[in-house]
Undergrad: 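Dropping a structure here in structure tokens format, bear with me for questions.
Quick note on labels: first sequence line is chain A, next is B, and so on, each numbered from 1.
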Number of protein chains: 2
Amino acid sequence: MVYRLDEQIGYILRLANQRHGLIFNKHSELGLTPTQFAALVRIGEMGACSQNLLGRRTAMDVATIKGVVTRLKAKGFIQLSPDPGDKRRTVVSLSVQGQGVIDQLHAFGEKVTEETLSPLSETERKVFLDMLKRLT
Amino acid sequence: MVYRLDEQIGYILRLANQRHGLIFNKHSELGLTPTQFAALVRIGEMGACSQNLLGRRTAMDVATIKGVVTRLKAKGFIQLSPDPGDKRRTVVSLSVQGQGVIDQLHAFGEKVTEETLSPLSETERKVFLDMLKRLT
DNA sequence: GGTTAATCGTTTGTACACTAATAAACAACC
DNA sequence: GGTTGTTTATTAGTGTACAAACGATTAACC
């Protein structure tokens with residue numbers, strides 16, 4: 001059997017990711033990247049937590065989450081404070097501005113998801129997401 | 001309906017991509033990245049071509065393919081030469097070493113694909129790849 | 001109480017990925 | 001044959017993503 005790049009899961013995953021990124025940026029109003037968006041939504045879900053924990057809950061490396069937190073802080077969506085009970089930790093929480101955009105983020109996220117999955121029917125989406133999750 | 005990050009296609013795609021990357025690196029012997037691998041396999045499929053065309057055929061930006069070509073050249077897998085008919089172009093082609101590893105790359109790629117898709121049955125893989133392609 | 005181990009955050013280095021700008025070369029066309 | 005527009009390659013800047021190493025702190029446990 002011939003090896004064809006266009007049939008390989010890794011290559012196609014990269015393409016799908018690229019398309020999703022384009023759709024995301026097209027609709028993005030707040031100037032967030034997909035990664036920053038994920039971190040921000042996660043803080044909204046979890047509430048305040050340490051930087052490292054936030055990284056684990058968003059599947060980001062310590063070096064990666066560091067940069068993401070720095071940029072979210074610079075954009076005013078989060079605030080940082082020392083943990084009173086553990087001097088190693090930095091507590092990350094939503095700023096007032098951050099709290100104010102959570103609903104907007106959810107609406108935005110739904111639009112992106114909808115357009116990304118638009119080539120699939122409702123039934124197919126369920127099946128697809130189910131299988132994709134098993135590949136994580 | 002509540003918005004949950006863990007149910008969003010963009011987030012799950014990122015996770016699936018991460019897992020694939022880990023599997024890829026685990027098996028990688030030649031020290032190639034997924035992107036370098038794709039470019040090298042593509043040159044093997046297409047034969048010699050310009051740097052920009054290679055980028056388009058591997059879904060890489062001009063700036064991205066530039067770096068990938070530089071690194072593949074540094075590793076000795078490809079060679080660069082000026083296009084006699086078009087002074088703008090740089091022709092990219094496999095070096096002798098590059099030709100020598102193509103079969104190995106294919107075997108390696110099949111192993112990575114197999115392990116990445118291992119959570120799915122044979123029937124599911126077909127359905128899944130079919131749907132994933134529609135999202136590119 | 002003191003050693004050992006684990007965790008937290010930071011930094012460095014390499015490698016994609018995209019945008020935008022630039023310059024050189026080529027093609028189309030009147 | 002000169003203008004117009006496209007293609008090719010390069011560069012600079014921003015933002016993930018991972019590995020590896022580091023110091024500071026905390027936890028475990030004898």
Side-chain angles (χ1 to χ4, degrees), chain A residues 10-11 13-26 28 30-40 48-75 77 80-92 136, chain B residues 10-11 13-26 28 30-40 49-75 80-92 136:
Chain A
Y11 184 68
L13 268 178
R14 192 173 128 254
L15 299 189
N17 237 331
Q18 282 181 355
R19 172 164 166 277
H20 172 264
L22 289 179
I23 294 171
F24 187 99
N25 287 329
K26 191 177 66 177
S28 183
L30 294 168
L32 294 173
T33 66
T35 324
Q36 292 165 15
F37 170 85
L40 203 50
C49 68
S50 79
Q51 177 179 296
N52 265 20
L53 179 56
L54 178 60
R56 284 194 297 273
R57 298 295 303 279
T58 46
M60 294 179 209
D61 193 69
V62 287
T64 303
I65 191 63
K66 159 79 172 162
V68 171
V69 163
T70 299
R71 285 181 280 275
L72 283 177
K73 164 78 174 158
K75 290 175 179 173
F77 293 116
L80 307 178
S81 53
D83 188 322
D86 190 335
K87 293 181 186 171
R88 295 169 304 177
R89 287 186 174 142
T90 302
V91 177
V92 182
T136 58
Chain B
Y11 185 67
L13 269 178
R14 190 172 129 255
L15 299 188
N17 236 332
Q18 281 182 355
R19 172 166 168 276
H20 172 265
L22 290 179
I23 294 171
F24 186 100
N25 287 330
K26 191 177 67 178
S28 183
L30 294 168
L32 293 174
T33 66
T35 324
Q36 291 166 15
F37 169 85
L40 204 49
C49 68
S50 78
Q51 177 180 294
N52 264 22
L53 179 56
L54 178 60
R56 284 194 295 274
R57 298 295 303 279
T58 47
M60 294 178 210
D61 194 69
V62 286
T64 303
I65 191 64
K66 159 77 173 165
V68 172
V69 162
T70 299
R71 286 180 281 275
L72 284 177
K73 163 78 175 160
K75 290 175 180 173
L80 307 177
S81 54
D83 187 321
D86 190 335
K87 292 181 185 171
R88 297 169 304 178
R89 287 187 174 142
T90 302
V91 176
V92 182
T136 57

Undergrad: Given atom CG of B:Asp86 and atom C1' of D:dT6, what is their separation to the nearest angstrom?
TA: 12 Å
Undergrad: To the nearest angstrom, how far is A:Leu22 atom CG from D:dG15 atom P?
TA: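 Whole-Å distance recorded here is 18 Å.
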Undergrad: Is B:Lys66 close enough to D:dA9 that one of its side-chain N or O atoms is under 4.0 Å from OP1 or OP2 there?
TA: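 For D:dA9, neither OP1 nor OP2 has a side-chain N or O of B:Lys66 closer than 4.0 Å.
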Undergrad: May I ask you to verify whether the side chain of B:Arg88 and the base of D:dT7 hold a donor-acceptor pair under 3.5 Å?
TA: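 Such a pair is found, so the answer is yes.
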Undergrad: A:Thr35 side chain N/O closer than 4.0 Å to the phosphate oxygens (OP1, OP2) of D:dT16?
TA: yes
Undergrad: Among residues 53-61 of chain A, which contact DNA chain C at a heavy-atom distance under 4.0 Å?
TA: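 Listed by number, they are A:Arg56.
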Undergrad: Nearest nucleotide by nearest heavy atom, which residue falls closer to the 5' end of DNA chain D, A:Gly85 or A:Val68?
TA: A:Val68
Undergrad: Looking only at non-hydrogen atoms, find the nearest pair between B:Gln36 and B:Gly31 and report the distance.
TA: OE1-O, 4.0 Å
Undergrad: What is the distance from CG of B:Asp83 to C1' of D:dT7, rounded to the nearest Å?
TA: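 So the two atoms are 13 Å apart, to the nearest Å.
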Undergrad: Would you indicate, yes or no, if D:dA17 has its OP1 or OP2 atom less than 4.0 angstrom from a side-chain nitrogen or oxygen of B:Arg14?
TA: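 So the side-chain polar atoms of B:Arg14 do come within 4.0 Å of the phosphate oxygens OP1 or OP2 of D:dA17, strictly under.
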Undergrad: Measure CG/B:Leu13 against P/D:dT16 and give the value in whole Å, please.
TA: 17 Å
Undergrad: Among C:dT11, D:dA12, D:dG15, which nucleotide has an atom closest to any side-chain atom of B:Ala63?
TA: D:dA12
Undergrad: If we only count heavy atoms from C-beta on, is the A:Thr58 to A:Ile65 side-chain gap below 4.5 Å?
TA: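 A side-chain contact exists here, since the closest heavy-atom pair is under 4.5 Å.
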Undergrad: Between D:dG15, D:dT25, C:dC26, which nucleotide has the shortest distance from any of its atoms to the side chain of B:Lys87?
TA: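 From the listed options, C:dC26 comes nearest.
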Undergrad: Test your reading of the model: is there a side-chain donor-acceptor pair from B:Gln51 to the backbone of B:Val92, 3.5 Å cut-off?
TA: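 The answer is no, because no donor-acceptor pair under 3.5 Å joins these two groups.
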Undergrad: Between A:Gln18 and C:dC16, does any side-chain N or O lie under 4.0 Å from OP1 or OP2?
TA: no
Undergrad: Check this one for me: any side-chain N or O of A:Thr90 less than 4.0 Å away from OP1 or OP2 of C:dC8?
TA: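 Looking at the OP1 and OP2 atoms of C:dC8, neither is under 4.0 Å from any side-chain N or O of A:Thr90.
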Undergrad: Which whole-number value in Å describes the distance from B:Arg89 CZ to D:dT10 C1'?
TA: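 To the nearest whole Å, that distance equals 17 Å.
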Undergrad: If you take all heavy atoms of B:Ser50 and B:Arg89, which pair is closest and at what distance?
TA: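 Distance-wise, the nearest heavy atoms are CB-CD, 3.9 Å.
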Undergrad: Separation of A:Leu15 atom CG from C:dC16 atom C1', in whole Å?
TA: 14 Å
Undergrad: Counting N and O atoms only, with roles assigned by atom type, does the side chain of B:Thr70 sit under 3.5 Å from a partner on the main chain of B:Lys66, one being a donor and the other an acceptor?
TA: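 Checking the backbone N and O of B:Lys66 against the side chain of B:Thr70, a donor-acceptor pair under 3.5 Å is found.
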Undergrad: Where each residue is assigned the nucleotide of DNA chain D containing its nearest heavy atom, which of A:Val62 and B:Gln51 is assigned the position nearer the 5′ end?
TA: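 That would be B:Gln51.
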Undergrad: Could you state the NZ-P distance from A:Lys26 to C:dC18, rounded to the nearest angstrom?
TA: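 Interatomic distance, NZ of A:Lys26 to P of C:dC18: 16 Å.
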Undergrad: Ignoring hydrogens, what is the shortest heavy-atom contact between A:Thr33 and A:Phe24? Give both atom names and the distance.
TA: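 Heavy-atom minimum between the residues: C-CE2, 3.6 Å.
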Undergrad: Send over the distance from A:Asn25 CG to D:dG15 P, rounded to a whole Å.
TA: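 Computing the A:Asn25:CG to D:dG15:P distance gives 12 Å.
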Undergrad: Looking at A:Tyr11 versus B:Phe37, is the centre-to-centre ring distance below 6.0 Å?
TA: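 That pair fails the under 6.0 Å test.
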Undergrad: Is the distance from OP1 or OP2 of C:dA15 to the nearest side-chain N or O of B:Thr33 less than 4.0 Å?
TA: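 B:Thr33 to C:dA15 OP1/OP2: no side-chain N or O under 4.0 Å.
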Undergrad: May I ask you to evaluate whether B:Asn52 reaches the phosphate of D:dA9, defined as a side-chain N or O under 4.0 Å from OP1 or OP2?
TA: yes
Undergrad: Just how far is it from atom CG of A:Leu32 to atom NZ of A:Lys75, taken to the nearest 0.5 Å?
TA: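 Between A:Leu32 CG and A:Lys75 NZ, I get 5.5 Å after rounding to 0.5 Å.
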